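Okay, structure first, notes after.
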Amino acid sequence: MDKDTRNRIQRATQAARRLLELEYREQLEGSFDILLDGTVAAQPGSHLTAPERVLREKLVAAVAHKRAGGSSAPEAVAAYLREASFTTLNRFVALKMLEARSLVQQCVSKGDESGGFKEFTALAPALASLPDRGYRLYIETIFDEIGQEVRVLFDRRDVASLLWPRRQALHDLLALLNDPELGSIWAEDETIGWVYQYFNGDDERAKMRDPKQGGSQAPRNS
């Protein structure tokens, strides 16, 4: 893969990271009262629905688990924010690569106008009443199907899966990934490795490989 192509992947990856971390920070702070400085409200806000209260409990527990591992309160929230953003991006990148190999139907290349989603909604017309017409449900159904074989990335029981980008953020993320300038990269096996490389800075990668920090000596392109 030539330098120009790698540069395009780097720009898109870093833009996607900024987008997702901002989106998830706004959700954590604005909806769930989990602040980036580590402050966590003792009780959920009255604005939350019952399902959102359950989600908040899981988010609070995920942050608490990181604190129990030795992280400070701000570090724990920042680490969860990074992991949630990283997981979301990697899943959509993987779907783009699977589409390029015709291993899944078109599902993200045209967003909620993708051919696979149109077939999905034709089988369940009641989905039209949902705010996103069932697009999240459709994508998560694909995650579950693929996750039977590739659980390490697509297992939605992972706490990094708790958040989902809201409509505008999802639209912006898909616009980044569907940029025609990136069209040639999805058939390349090494693309996922470069996304990993460019999402995580040098210090972050070193920490993840450092056994003293709970990391492992995994290959850079693992």
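Every value quoted in this text rests on a predicted model; they were computed, and no experiment measured them.
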Indicate yes or no: at least one non-hydrogen side-chain atom of [X] is less than 4.5 angstrom from one of [Y].
X	Y	value
Arg167	Pro131	no
Thr39	Ile34	no
Val108	Leu177	no
Asp33	Arg56	yes
Lys58	Val159	no
Cys107	Glu99	yes
Leu22	Arg18	no
Tyr138	Asp112	no

For [X] and [Y], does a side-chain donor sit closer than 3.5 Å to a side-chain acceptor?
X	Y	answer
Asn178	Lys110	no
Thr191	Glu188	no
Thr87	Asn90	no

Donor-acceptor pair, distance only, cut-off 3.5 Å: does the side chain of [X] make one with the backbone of [Y]?
X	Y	value
Glu83	Ala160	no
Thr121	Lys118	yes
Ser161	Arg157	no
Arg8	Glu181	yes

Face-on cation placement of [X] at [Y] ring, 6.0 Å and 45° thresholds:
X	Y	result
Arg82	Phe86	yes
Arg17	Phe199	yes
Arg91	Phe143	yes

Inset, instruction - Go through the steps for Arg166 and Glu23 under the test salt bridge (charged side-chain N to carboxylate O under 4.0 Å, His left out), then give the verdict. - result: CA-CA 8 Å; Arg166 293 168 296 183; Glu23 167 64 10; 2.7 Å; yes
Would a single hydrophobic cluster contain both [Y] and [X], if residues Ile, Leu, Val, Met, Phe, Trp and Tyr are joined by side-chain heavy-atom contacts under 4.5 Å?
X	Y	value
Leu55	Leu35	no
Ile142	Leu123	no
Leu130	Phe120	yes
Val54	Tyr80	no

Inset, instruction - Please round to the nearest 0.5 Å and tell me the distance separating atom CD of Gln197 and atom CD of Glu190. - result: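 So the CD of Gln197 and the CD of Glu190 are separated by 11.5 Å.
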Inset, instruction - Please state whether the rings of Phe92 and Trp164 are parallel, tilted or perpendicular, taking 30° and 60° as the class boundaries. - result: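 Rings of Phe92 and Trp164: tilted, as their planes differ by 30° to 60°.
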Inset, instruction - Could you tell me how the ring of Tyr198 sits relative to the ring of Trp194: parallel (under 30°), tilted (30 to 60°) or perpendicular (over 60°)? - result: parallel
Inset, instruction - Evaluate side chain to side chain contact (heavy atoms under 4.5 Å, CB included) for Ile139 paired with Leu95, printing each intermediate quantity in order. - result: CA-CA 9 Å; Ile139 293 296; Leu95 289 183; 4.1 Å; yes
Legend entry - Salt-bridge present (Asp189, Arg101; N to O < 4.0 Å): yes
Legend entry - Derivation and outcome, salt bridge (charged side-chain N to carboxylate O under 4.0 Å, His left out), residues Glu140 and Arg136: CA-CA 6 Å; Glu140 290 185 334; Arg136 175 178 179 174; 3.0 Å; yes
Legend entry - Intermediate values then yes/no, side chain to side chain donor-acceptor pair (under 3.5 Å), Glu52 and Thr49: CA-CA 5 Å; Glu52 288 171 338; Thr49 63; 3.3 Å; yes
Inset, instruction - Step by step, work out the side chain to side chain contact (heavy atoms under 4.5 Å, CB included) result for Phe154 and Glu145. - result: CA-CA 9 Å; Phe154 291 100; Glu145 182 178 347; over 6 Å; no
Please name the pair of heavy atoms, one in [X] and one in [Y], separated by the smallest distance, quoted to 0.1 Å.
X	Y	answer
Ser114	Ser109	OG-N, 3.8 Å
Ala76	Arg67	CB-CG, 3.5 Å
Gly38	Val77	CA-CG2, 4.0 Å

Inset, instruction - Would you check, one step at a time, whether the test side chain to side chain contact (heavy atoms under 4.5 Å, CB included) holds for Val60 with Glu57? - result: CA-CA 5 Å; Val60 171; Glu57 288 181 6; 5.9 Å; no
Inset, instruction - List the steps and the verdict of side chain to side chain contact (heavy atoms under 4.5 Å, CB included) for Ile185 and Thr5. - result: CA-CA 8 Å; Ile185 73 170; Thr5 302; 3.6 Å; yes
Inset, instruction - Starting from the C-alpha separation in whole Å, work towards a yes-or-no answer on side chain to side chain donor-acceptor pair (under 3.5 Å) for Tyr24 and Thr88. - result: CA-CA 11 Å; Tyr24 288 161; Thr88 297; 2.8 Å; yes
Inset, instruction - Count the heavy atoms belonging to other residues, nucleotides or ligands that lie under 6.0 Å from CD of Glu149, then report whether that count exceeds 12. - result: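 Count not over threshold, so no.
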Inset, instruction - Decide side chain to side chain donor-acceptor pair (under 3.5 Å) for Asp172 and Gln168; before the verdict, give the C-alpha distance in whole Å, the side-chain angles of both, and the deciding distance to 0.1 Å. - result: CA-CA 6 Å; Asp172 293 343; Gln168 186 60 53; 2.9 Å; yes
